[in-house]
Amino acid sequence: MNSCARNFQSFLSPDHLVSHLLSPPPTLKKLQQIQAQILTNPRLQSNPNLLSHFISHFIQTYNLSNSSLLLRHLPKPHHQPSIWNHLLRSSAESSPPPGFLSVYRAMLQENISPDRATFTTLLRHFSALPNPSDAVATLHCQIIKLGHASDRFLLTGLLNLYSKVGCLNAAEQLFVEMPERDVIANNAMIAALSSHGRIIDARRLFESMPEKSSASWNSMITCYCKQNDVRAAREIFDRNPIKDVVSWNAMIDGYCKMGQLEMAWELFDRMGLAKNSVTWNTVISACLHHREFAMALSMFQVMQVENVRPTEVTMVSLLSACAHLGALSMGRWLHAYIRNHRLKIDVVLGNALIDMYFKCGSVEAALQVFHGMSMKNVFCWNSVIAGLGMNGYGEQAIEIFLEMDRRGGFKPDGVTFVGLLSGCSHSGLVSEGKKYFSRMLGVYGIQPEIEHYGCMVDLLGRAGYVEEALNLIETMPIQPNSVVWGSLLRACRIHKDAKLSERVTQRLLELDPDDGANYVFLSNVYASSKRWDDVERCRQIMIERGVQKVPGCSSIEVNNMIHEFVVGDASHPQFEQINTFLVEIERELRKLGYSPSTDSVLHDIEDEEKENAVMYHSEKIAIAFGLMSTRGKEPIRVVKNLRVCSDCHEATKFIAKLFQREIIVRDRNRFHHFRDGTCSCKDYW
DNA sequence: TTAGGGTTAG
């Protein structure tokens, strides 16, 4: 026994080794030790569970695409198709797309003849391959060649796959040539036609079917819903004599997607059958799409009262609601639930966790989830890059981007660069931002879109290169939108370029006359040069056009309850105590050297009469409430719908020092982590 | 076979 193997003597059982291969992902050294163990122990070689886990990590670690290399380094499993099928399935599920092909090639090289189970696995995963349509045609030939030409199950699978990879013609031909077309094959063809928009043909096939299963009916409901024709869907639904839970769910989802929520709720209340998890997932996800995040979470409570088990899909939606609300403790609770109930953290659920933690300002937890995932996709990388950026870790965002690039296998896309460039912008990394912007097209072949130009204008303008930003806007090949002009305007304000401000604002008001924020911007420009008449004129225009300014609103989670504070709203039951406490805080802050900056009061056209308005900005109220209702060292976390004003920013730095508490504020665009008198944004925001 | 899920510039 060599020394590597000896280190692992205490872990000789296959289960122990498997647990070593699970989380966290094994280091190269550990993988080699386990490999040595397996190679010297025949008992381990016959354990399919261990081998499949080992092989999937092996493929990932060595980035294998070539089966001879795989075979040279691996123990020979028994020559049973079942073990190979196991390996194939686990590698398809745990490593990025082309990976499982190495196992398949190795299997063929070993003269193991693929069987029905092998093809079932391949059919399930071939759509994820690069150039899937060619790959599917090859697979089709192999299935025929190996004598499965009359296997209805495999042929229907092929039909679905052809449709999924965009080859509807091949799917139709296969359907016509099928020796016998049962209900399942007919249903598959309806789904294929429907997903390619061939509704009339789908309907014709449906009506011609001698025997219809409930899925036939349901396929037609889904088909019309996908076309946004809920009336036709409802007709089928009403005609359907064998309505099952799927019929109701499909119909409810159709109404939700069309925004006809009353109809959806009516069916939801009326459905006599037991609601299943999909029913709940459908309505929870509808809440999300209508930005009713708190409602999504309360639907979950009802779901639990009704004893319906949440699934991975439920968790993804709920985590997304937490991300929007900044509800960290609920998010943590969900994460614990996922662990305790052993829900499978796949790329989607993992990504939802990463996103939730970042959007709740919990950078370490987000990174921990990311590094613990055995399979990642471009969404996960993008979430990490954007998440680091919005939390002020621009350098780390670049590092992760470079790591993604080095590893290969994950091609950065447009979203990657939005995250990367905005991260550079938040951290003031001008030359890096310029570098990656130019590499987008030059190196990665990604055409910059309006969002990328937006990031660059923000990056340049905020750093003081206002002329260069303007020049970029004037020369960019896409029509600049209000966001782009808005970034420039903000830059003008920071760098006190009143003349350009006015010009930009006029442009902005033409583009987006209904956005109250633009008028506030303009008014701020005037106020900063003390042009009170113009400020007044601006207010008049707003009144005439009926434009409203969005009120500032901050929320904070205390004891699993979300408390919302809207500026000027005194309805919170503890409003009086909070006020008294705020006055006390201010007194203490002044002793530390803080003096309120009334800049933003002058700029606030609605509240300018109130001298003490800054003291009542919603984030200060939320922070005060957080301080009086919690003990200990846990950071105070506040989510604000607008950007933090400069006075609140200054005051919060002092508050963090005074109370020795970390205060994390998520504003409209980014995070501020206040610690001991400083902010992570380095006052650059 | 049919229903439900994730990242994106100010």
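Here the structure is a predicted model, which is why all the values come from computation and not from measurement. Here is how names work: the chains are called A, B, and so on, in the same order as the sequence lines, proteins then strands, and each is numbered from 1. What's counted below: heavy atoms across the whole structure, side chains too, no hydrogens, waters or symmetry copies.
Residue A/Gly454 is in base contact, counting any heavy-atom pair closer than 4.0 Å across all strands shown. Residue-level contact check: A/Asn481 touches the bases, meaning some heavy atom is under 4.0 Å from a base atom. Heavy atoms of A/Leu489 sit nowhere under 4.0 angstrom from any nucleic acid atom.
As rounded to whole Å, 14 Å separates atom P of B/dT1 from atom CE of A/Met189. The nearest whole Å value for the distance from the CZ atom in A/Phe437 to the C1' atom in B/dA9 is 11 Å. When rounded to the nearest whole Å, the span between OH of A/Tyr453 and P of B/dA9 equals 18 Å. Across the protein-nucleic acid pair, A/Met456 atom CE and B/dG10 atom C1' stand 15 Å apart, rounded to whole Å. Taking atom CD1 of A/Ile385 as the reference point, atom P of B/dA9 lies 14 Å away to the nearest angstrom. Rounded to whole Å, atom P of B/dG10 lies 16 Å from atom CZ of A/Arg493. In this structure, A/Leu421 atom CG and B/dG10 atom P are separated by 11 Å, rounded to whole Å. If you take OH of A/Tyr436 and P of B/dT8, they are 21 Å apart, rounded to a whole angstrom.
A/Asn218 and A/Asp244 share a donor-acceptor pair across their side chains, judged by distance under 3.5 Å alone.
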query = When every nucleotide of nucleotides 2-7 of chain B is labelled 5' to 3' by its protein contacts under 4.0 Å (heavy atoms), B for base, S for sugar-phosphate only, - for none, what sequence of letters results?
reply = BBBBBB
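A salt bridge links A/Arg503 to A/Glu474: at least one charged side-chain nitrogen sits closer than 4.0 Å to a carboxylate oxygen.
Residues A/Phe401 and A/Phe417 place their aromatic rings such that the two centres sit under 6.0 Å apart. In this structure, the ring of A/Phe237 has its center less than 6.0 angstrom from the ring center of A/Trp248. Aromatic rings of A/Tyr453 and A/Phe437 (six-membered ring for Trp) have centroids within the 6.0 Å cut-off, being under it.
Look at A/His426 and you won't find any side-chain N or O under 4.0 angstrom from OP1 or OP2 of B/dA9.
A cation-pi arrangement is absent between A/Arg439 and A/Tyr444 under the rule of less than 6.0 angstrom and at most 45 degrees off the ring axis.
Counting non-hydrogen atoms of neighbouring residues, nucleotides and ligands closer than 6.0 angstrom, the NZ atom of A/Lys164 reaches no more than 12 such neighbours.
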